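Working notes, beginning with the structure itself.
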Amino acid sequence: MRQSSELFFVSSNNHKFTEAQRILSNLGLEISLFKTTLEEIQSNSLSEIAKRKALDAYSKVQKPVIIEDDGLFIDSLDGFPGPYSSYVYDTIGNKGIMSLLEKIELRTAKFVAIIAYCNGDDDVQLFESSILGKISLSIEDGGWGYDPIFIPDGESKTYANVSDKDKFSHRSASLKKFSDWFMHTQLDSGL
Ligand code: IMP
């Protein structure tokens with residue numbers, strides 16, 4: 001049964017929202033975009049960043065919200081850019097990552113997504129998943145963000161060119177955890 005609720009995905013990133021909306025809709029949950037830029041603290045912890053973003057989002061929307069925080073962790077760079085992925089993308093970008101990995105054979109990496117839900121109190125619920133993969137040897141065309149350089153395990157192409165990113169992406173795994181919890185706790189309790 002399709003369930004709907006007044007649930008806002010708070011982000012300035014249309015790509016993230018489009019994917020999240022499609023994934024959650026397929027799981028029977030509808031969301032709306034509240035487009036705004038959220039406070040992104042600099043921290044070593046993705047969870048801390050996600051928590052603060054969720055509280056900031058709730059303070060702006062005053063209704064149940066989810067936010068998403070992601071990080072690309074590259075093994076040979078000791079997990080860099082990790083929690084700094086957004087800043088690194090906006091500064092050195094995919095070309096910069098390619099330069100950092102020039103002549104480096106070990107290209108394994110993981111993409112992590114944390115979904116954070118907040119409904120007013122200080123109690124933020126976190127749902128985390130990751131997908132293993134590697135950094136491509138060249139920047140592919142298409143996609144957005146790090147899509148053109150991240151090849152998920154089991155695929156030969158990057159996120160930008162795989163046939164069904166939603167099936168296995170870091171985002172879909174975290175959203176699935178969130179929707180299972182949300183459907184069974186929040187909606188059942190009549191929220
Ligand atoms: P954020 O801090 O959650 O915005 O994400 C960190 C960085 O990862 C940003 O530059 C995003 O654009 C990028 N990113 C997050 N998810 C994806 C994705 O699915 N594909 C490509 N880049 C992504």
Side-chain angles (χ1 to χ4, degrees), residues 1-41 43 45-73 82-83 85-86 110-133 143-147 150 152-155 159 162-191:
M1 181 184 59
R2 179 160 299 269
Q3 310 222 38
S4 69
S5 75
E6 203 171 30
L7 178 60
F8 289 91
F9 187 93
V10 186
S11 177
S12 60
N13 186 328
N14 286 328
H15 298 291
K16 262 192 208 179
F17 173 68
T18 303
E19 289 186 17
Q21 186 182 36
R22 196 169 54 215
I23 292 162
L24 286 176
S25 184
N26 283 332
L27 294 169
L29 190 59
E30 300 302 333
I31 53 170
S32 309
L33 175 64
F34 188 99
K35 195 166 181 176
T36 187
T37 303
L38 294 171
E39 177 192 24
E40 179 140 356
I41 56 162
S43 162
S45 157
L46 224 49
S47 305
E48 268 314 304
I49 300 171
K51 261 187 208 162
R52 289 284 287 272
K53 268 191 181 177
L55 292 168
D56 187 29
Y58 184 82
S59 77
K60 291 189 160 111
V61 183
Q62 298 289 317
K63 299 228 165 94
V65 290
I66 51 174
I67 63 88
E68 180 186 330
D69 201 65
D70 305 295
L72 178 64
F73 294 73
S85 295
S86 187
K110 71 175 173 183
F111 227 136
V112 179
I114 297 186
I115 298 295
Y117 170 82
C118 183
N119 186 18
D121 41 36
D122 284 348
D123 189 21
V124 176
Q125 302 284 331
L126 299 180
F127 304 86
E128 176 171 345
S129 279
S130 58
I131 178 173
L132 299 177
W144 57 278
Y146 292 113
D147 275 358
F150 182 75
D153 274 358
E155 298 290 323
Y159 259 175
V162 290
S163 56
D164 194 357
K165 178 182 172 187
D166 288 353
K167 243 194 216 158
F168 45 75
S169 75
H170 55 307
R171 173 164 303 104
S172 64
S174 297
L175 286 169
K176 172 86 176 71
K177 282 184 187 170
F178 163 72
S179 81
D180 284 348
W181 172 82
F182 186 74
M183 301 269 207
H184 291 116
T185 59
Q186 305 301 291
L187 290 180
D188 284 354
S189 71
L191 273 174

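Remember, it's a predicted structure, so these values are computed and weren't measured experimentally.
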Take Glu30 and Ser25 through the side-chain contact (heavy atoms from CB on, under 4.5 Å) test and state the conclusion after the steps. CA-CA 5 Å; Glu30 300 302 333; Ser25 184; 3.2 Å; yes
Salt bridge (charged side-chain N to carboxylate O under 4.0 Å, His left out) partner of Arg171, the single match among Asp147, Asp70, Asp166: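 That would be Asp70; it is the only one of Asp147, Asp70, Asp166 passing the salt bridge (charged side-chain N to carboxylate O under 4.0 Å, His left out) with Arg171.
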Is any side-chain heavy atom of [X] closer than 4.5 Å to a side-chain heavy atom of [Y]?
X      : Y      : answer
Lys177 : Ile115 : no
Ile66  : Phe127 : no
Phe182 : Gln125 : no
Asn14  : Leu33  : yes
Phe34  : Val65  : no
Leu126 : Glu128 : no
Ser174 : Glu68  : no
Leu55  : Cys118 : yes

Count the heavy atoms of every other residue, nucleotide or ligand shown that sit under 6.0 Å from NZ of Lys165, and state whether that count exceeds 12.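 Yes, the 6.0 Å shell around NZ holds more than 12 heavy atoms from other groups.
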Got more than 12 heavy atoms from elsewhere within 6.0 Å of NZ, Lys60?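 Buried by this count: over 12 neighbours within 6.0 Å.
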Shortest non-hydrogen contact from [X] to [Y]?
X      : Y      : result
Ser43  : Glu48  : OG-CB, 3.7 Å
Phe150 : Ile131 : CZ-O, 3.7 Å
Asn119 : Tyr117 : CB-OH, 3.4 Å
Ala20  : Ile31  : C-CD1, 4.1 Å
Leu46  : Pro83  : CD1-CA, 3.7 Å

Apply side-chain contact (heavy atoms from CB on, under 4.5 Å) to Asp153 and Phe168, showing your working. CA-CA 10 Å; Asp153 274 358; Phe168 45 75; over 6 Å; no
First locate atom [atom1] of [X], then atom [atom2] of [Y], and finally report the distance between them rounded to the nearest 0.5 Å.
X      : Y      : atom1 : atom2 : result
Ile114 : His170 : CD1   : NE2   : 11.0 Å
Phe8   : Tyr58  : CZ    : OH    : 11.5 Å
Ile67  : Asp56  : CD1   : CG    : 10.0 Å
Lys53  : Ser11  : NZ    : OG    : 7.0 Å
Leu29  : Ile23  : CG    : CD1   : 12.0 Å
Met183 : Phe178 : CE    : CZ    : 9.0 Å

If we ignore hydrogens and angles and just use 3.5 Å, is the side chain of Asp69 paired with the main-chain N or O of Ile49 as donor and acceptor?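 Such a contact is absent between Asp69 side chain and Ile49 backbone.
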Donor-acceptor contact present, side-chain Ser85 to main-chain Leu72, <3.5 Å: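 Answer holds: yes.
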Check the pair Glu19, Trp144 against side-chain contact (heavy atoms from CB on, under 4.5 Å), reporting the backbone distance first and the verdict last. CA-CA 12 Å; Glu19 289 186 17; Trp144 57 278; 2.9 Å; yes
Take Phe9 and Lys16 through the side-chain contact (heavy atoms from CB on, under 4.5 Å) test and state the conclusion after the steps. CA-CA 9 Å; Phe9 187 93; Lys16 262 192 208 179; 4.2 Å; yes
Over 60° means perpendicular and under 30° means parallel, so classify the ring planes of Phe111 and Tyr159, tilted if in between.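 Geometry flag for Phe111 against Tyr159: parallel rings.
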